[in-house]
Amino acid sequence: MNSIYTILVVIHIFSAIVGIGPGFVLTTIVKSANSLIEIRHAFALKAKVHIFVMIGGILVLITGLLMGVLKPVLFQQGWYLASMILYFAALSLGPTLLKKFSTPIKELIADPNLENVPSAYHENLQKLLRVEYIENTLLLIIILLMITKPF
């Protein structure tokens, strides 16, 4: 059982690095785009990177839960429970607020007749970025909890 647990820890850490790590740059990618061509490219690139984030995020969740199944004492640890609660909160942002604020942006920039960046883009982008910053903060707190195991 201990070797399976060790393998899960390794997969968990690599999944976080390869999957969740790139999620921290998604805000920078779209934030630095200014022209319509750059914005379209940034969102296309963001979509490709997001695939890694989703796969890594799912693996992190699965391995984290499996580690808890193999070592049930984890479910009695405050840092583990807090991490799980925060992780589910972070995951819930995807299909709710992130989708809500990214959909209008994607619809705007998909318009082939659009020649200039509309002001609605900037308004929606600010809302989207705020939610992404919240998500990144939650993930940083989770990483800190897993490293320090303070309670």
Side-chain angles (χ1 to χ4, degrees), residues 1-34 38-110 119-151:
M1 179 172 80
N2 205 19
S3 61
I4 293 173
Y5 185 84
T6 303
I7 291 169
L8 287 174
V9 170
V10 170
I11 294 170
H12 189 75
I13 293 169
F14 275 108
S15 297
I17 292 168
V18 174
I20 295 173
F24 290 108
V25 299
L26 292 179
T27 56
T28 306
I29 292 172
V30 297
K31 199 172 162 184
S32 62
N34 296 316
E38 290 174 349
I39 291 168
R40 285 179 174 144
H41 179 70
F43 274 89
L45 182 59
K46 184 177 178 172
K48 289 179 182 179
V49 172
H50 191 254
I51 293 168
F52 290 98
V53 173
M54 287 189 320
I55 293 169
I58 291 167
L59 280 174
V60 164
L61 177 62
I62 291 169
T63 55
L65 289 171
L66 287 173
M67 287 186 286
V69 169
L70 290 177
K71 292 197 176 184
V73 71
L74 287 174
F75 289 106
Q76 298 170 0
Q77 303 293 313
W79 66 268
Y80 181 85
L81 293 173
S83 295
M84 283 295 178
I85 291 166
L86 292 174
Y87 197 71
F88 281 115
L91 283 179
S92 72
L93 291 175
T96 58
L97 294 176
L98 289 174
K99 185 174 183 173
K100 175 183 175 181
F101 296 131
S102 65
T103 300
I105 293 172
K106 291 175 185 175
E107 289 171 357
L108 266 176
I109 63 174
S119 61
Y121 167 77
H122 296 291
E123 294 166 14
N124 287 317
L125 181 64
Q126 290 309 308
K127 293 174 186 175
L128 177 64
L129 290 176
R130 269 188 235 119
V131 176
E132 287 182 354
Y133 292 144
I134 291 169
E135 182 153 34
N136 288 347
T137 301
L138 290 173
L139 293 172
L140 286 172
I141 292 169
I142 293 166
I143 292 168
L144 183 66
L145 285 171
M146 285 194 247
I147 292 169
T148 62
K149 298 173 178 53
F151 51 92

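What you are looking at is a predicted structure, and each value in this text was computed from that prediction instead of being measured. The first residue in the sequence is number 1, and the count goes up from there.
Between Leu139 and Ile20, the shortest heavy-atom contact is CD1-CG2, 3.8 Å. Heavy-atom minimum distance, Gly94 versus Leu98: O-CB, 3.6 Å. Of all non-hydrogen atoms in Leu145 and Ala82, the two that sit nearest each other are CD1-CB, 3.9 Å. The two residues Pro104 and Asn124 come nearest to each other via the heavy atoms CB-ND2, 3.7 Å. Nearest approach of Pro22 to Val49, heavy atoms of both residues: CB-CG1, 3.7 Å.
No more than 12 heavy atoms of other residues, nucleotides or ligands shown are found within 6.0 angstrom of NZ on Lys106. More than 12 heavy atoms of other residues, nucleotides or ligands lie within 6.0 Å of CZ in Phe75, so this atom counts as buried by the packing criterion. Surrounding CZ of Phe43 are more than 12 heavy atoms belonging to other residues, nucleotides or ligands, all under 6.0 Å away.
Remark: the backbone N or O of Ile109 is paired with a side-chain donor or acceptor of Arg40 at under 3.5 angstrom. A donor-acceptor pair under 3.5 Å is formed between the side chain of Tyr80 and the backbone N or O of Gly64. Checking side-chain atoms of His12 against main-chain N and O of Val60 turns up a donor-acceptor pair under 3.5 Å. In this structure, Lys149 contributes its side chain and Met146 its backbone to a donor-acceptor pair below 3.5 Å. At distances below 3.5 Å, not a single donor-acceptor pair connects side-chain atoms of Glu135 with backbone N or O atoms of Val131.
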For this session: Determine, stepwise, if the pair Phe14 / Leu59 fulfils side chain to side chain contact (heavy atoms under 4.5 Å, CB included).
Result: CA-CA 9 Å; Phe14 275 108; Leu59 280 174; over 6 Å; no
Problem set entry | Criterion side chain to side chain contact (heavy atoms under 4.5 Å, CB included) on Val30 and Leu129, from CA distance to verdict | CA-CA 9 Å; Val30 297; Leu129 290 176; 4.0 Å; yes
For this session: Before giving the answer on salt bridge (charged side-chain N to carboxylate O under 4.0 Å, His left out), spell out for Lys31 and Glu132 the whole-Å C-alpha distance, their side-chain angles and the decisive distance to 0.1 Å.
Result: CA-CA 11 Å; Lys31 199 172 162 184; Glu132 287 182 354; over 6 Å; no
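The CD1 atom of Ile143 lies 11.0 Å from the CG atom of Leu138; values are rounded to the nearest 0.5 Å. For the atom pair CG (Leu97) and OG (Ser92), the distance works out to 8.0 Å, reported to the nearest 0.5 Å. Atom NE2 of His122 sits about 6.0 Å away from atom CD1 of Ile39, to the nearest 0.5 Å. In this structure, Leu45 CG and Ile29 CD1 are separated by 4.5 Å, a value rounded to the nearest 0.5 Å. We find the CG-OG1 distance between Leu140 and Thr137 to be 6.5 Å, quoted to the nearest 0.5 Å. Taking CG of Leu65 as the start and CG of Leu70 as the end, the distance is 11.5 Å to the nearest 0.5 Å.
At a threshold of 4.5 Å between non-hydrogen side-chain atoms, the residues Lys127 and Lys100 do not count as touching. A heavy-atom distance below 4.5 Å is not found between the side chains of Phe101 and Leu125. The closest side-chain heavy-atom distance from Leu74 to Trp79 is below 4.5 Å.
Geometrically, Lys71 engages Tyr5 in a cation-pi contact defined by less than 6.0 Å to the ring centre and at most 45° from the axis.
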